[in-house]
Amino acid sequence: MCRSVEVTQAVLAKNDGLAATLRDDLAAQGVTAVNLLSSPGSGKTELLGLVLRRAVDRGLPVAALTADLATENDARRLARSGAPVKQLLTGGLCHLEADQVRGHLTGWLPPGTALLFVENVGNLVCPAAYDLGEELRIVLMAVTEGEDKPLKYPTAFGSAHLVVLTKTDLAEAAGFDEGAFTEHVRQVNPGVEIVRSCARTGEGADVLLERVLAVRDGAGRHRPPLVGRPHVHPVPEGAA
């Protein structure tokens, strides 16, 4: 057991170093990276497509890297926005790592890109532990997933700079208790903003883009209670 923990920490420490370097390199290029995490079926691809389209319509230099175990379906869907999109196939790996992201950006990221969205593998466990060099980590959850999801996956929700609630048009049909959901989010990540969204109506797409642009322009981010490698470096209660 001790050996397993040591190996895991060594792997994460190596990733942290690569992520820090990638973050510095992207900043030097004027690129703000956004890491999108969610369970499968949350609707994040459809919502991301709307955000990309809004950005393209405004003439913003935006690009997206989307990850999956197999198929290039999501890249084709996102490319309809008009933004440059690249598919990253993990070959069975349940998360992205910083060196994978760097490898796929090298020689591909269009010059002048200001916003880079990285759509992580659909999984709220493994991806939460890996820093990808992002400036903003957004965790998404659909109303169909249940109000207690933040309590079941505290590392993911506790490390988010922003939480997005998706498929809000289905809330009544799903019997979703938004008040309970909000309370559960607050328990693991006090003060984090929750953005309501619906890809069908477009709700939330503009708000999400504005939040990303604010970070690009130097606005202060929410400070989640879990920083660095979330499960290793919790911020003590009451710390600034």
Side-chain angles (χ1 to χ4, degrees), residues 34-58 60 62 64-68 71-83 85 87 115 117-125 127-128 136-154 156-215 222 224:
V34 181
N35 184 6
L36 302 175
L37 282 73
S38 79
S39 299
S42 69
K44 73 176 179 295
T45 302
E46 196 67 21
L47 182 60
L48 175 57
L50 288 179
V51 173
L52 292 175
R53 193 172 304 123
R54 298 284 203 280
V56 169
D57 289 346
R58 292 172 58 172
L60 297 170
V62 62
L65 185 66
T66 181
D68 240 321
T71 82
E72 296 193 359
N73 293 345
D74 285 354
R76 285 192 286 268
R77 290 170 62 192
L78 293 176
R80 297 171 191 160
S81 67
V85 178
Q87 184 77 52
L115 302 177
F117 289 89
V118 179
E119 184 183 17
N120 218 312
V121 179
N123 184 345
L124 283 178
V125 183
L136 192 65
R137 175 176 288 201
I138 300 176
V139 174
L140 303 90
M141 193 202 92
V143 298
T144 51
E145 297 180 61
E147 303 87 353
D148 60 345
K149 201 73 175 267
L151 301 181
K152 291 180 177 180
Y153 300 91
F157 284 89
S159 62
H161 298 105
L162 183 69
V163 172
V164 177
L165 181 64
T166 66
K167 303 186 180 182
T168 54
D169 57 320
L170 300 178
E172 184 176 356
F176 184 73
D177 185 340
E178 190 167 342
F181 165 75
T182 300
E183 175 58 28
H184 295 156
V185 172
R186 297 284 182 254
Q187 287 183 41
V188 298
N189 195 341
V192 69
E193 181 182 6
I194 300 172
V195 174
R196 303 178 83 257
S197 73
C198 174
R200 182 173 295 174
T201 65
E203 178 189 13
D206 289 314
V207 174
L208 185 53
L209 180 57
E210 289 303 327
R211 297 297 183 270
V212 173
L213 289 173
V215 171
H222 166 71

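Everything numeric here is computed off the predicted structure, so don't read it as measured data. FYI, the numbering just counts along the sequence from 1.
In summary, of the residues considered (S42, S197, S38), a side-chain contact (heavy atoms from CB on, under 4.5 Å) with L47 occurs for S197 alone. The side-chain hydrogen bond (donor to acceptor under 3.5 Å, both in side chains) with N120 is formed by just one residue from the set D68, T66, N35; it is N35. Of the residues listed (L37, N189, V163), the one engaging F157 in a side-chain contact (heavy atoms from CB on, under 4.5 Å) is V163, and it is the only one. Between L140 and the options T166, L124, L165, L162, a side-chain contact (heavy atoms from CB on, under 4.5 Å) holds for only T166.
Nearest heavy-atom pair, P150 versus V185, reported as atom, atom and distance to 0.1 Å: CG-CG2, 3.7 Å. Residues G158 and P224 come closest through the heavy atom pair O-CB, 3.2 Å. A55 approaches V62 most closely through the heavy-atom pair CB-CG1, 3.7 Å. Residue L151 comes nearest to Q187 through the heavy atom pair CD2-OE1, 3.8 Å, listed as atom of the first residue, atom of the second, then distance. Contact between H222 and H161 at its shortest, heavy atoms only, is O-CD2, 3.2 Å. The nearest pair of heavy atoms linking A128 to S159 is O-OG, 4.5 Å.
Atoms CD and OG1, on E119 and T45 in that order, are 3.5 Å from each other to the nearest 0.5 Å. Interatomic distance, L208 CG to L48 CG, rounded to the nearest 0.5 Å: 8.5 Å. Distance check, rounded to the nearest 0.5 Å: CD of E178 to OG1 of T168 gives 8.0 Å. One finds the CZ atom of F117 at 8.5 Å from the CG atom of L136 (value rounded to the nearest 0.5 Å). Taking CD of Q87 as the start and CZ of R77 as the end, the distance is 11.0 Å to the nearest 0.5 Å. Distance NZ/K167 to NZ/K44: 10.5 Å, rounded to 0.5 Å.
In this structure the side chain of L209 reaches within 4.5 angstrom of the side chain of L115, judged on heavy atoms.
A salt bridge is absent between E46 and R53: the closest approach of a Lys/Arg side-chain nitrogen to an acidic carboxylate oxygen does not fall below 4.0 angstrom. Comment: R211 engages E193 in a salt bridge, judged by a side-chain N to carboxylate O separation of less than 4.0 angstrom. With respect to the salt-bridge test (charged N to carboxylate O, under 4.0 angstrom), the residues D57 and R54 do not qualify.
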(request) Given side-chain contact (heavy atoms from CB on, under 4.5 Å), test L78 with L52 step by step and report yes or no. (result) CA-CA 8 Å; L78 293 176; L52 292 175; 4.1 Å; yes

(request) For M141 and V164, run side-chain contact (heavy atoms from CB on, under 4.5 Å): C-alpha distance rounded to whole Å, both residues' side-chain angles, the deciding distance at 0.1 Å, then the answer. (result) CA-CA 6 Å; M141 193 202 92; V164 177; over 6 Å; no

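With E147 contributing its side chain and A180 its backbone, the two residues share no donor-acceptor pair below 3.5 Å.
F176 and F181 have tilted rings, their planes meeting at an angle from 30° to 60° on a 0 to 90° scale.
Within a 6.0 Å radius of CZ in R186, more than 12 heavy atoms belonging to other residues, nucleotides or ligands are found.
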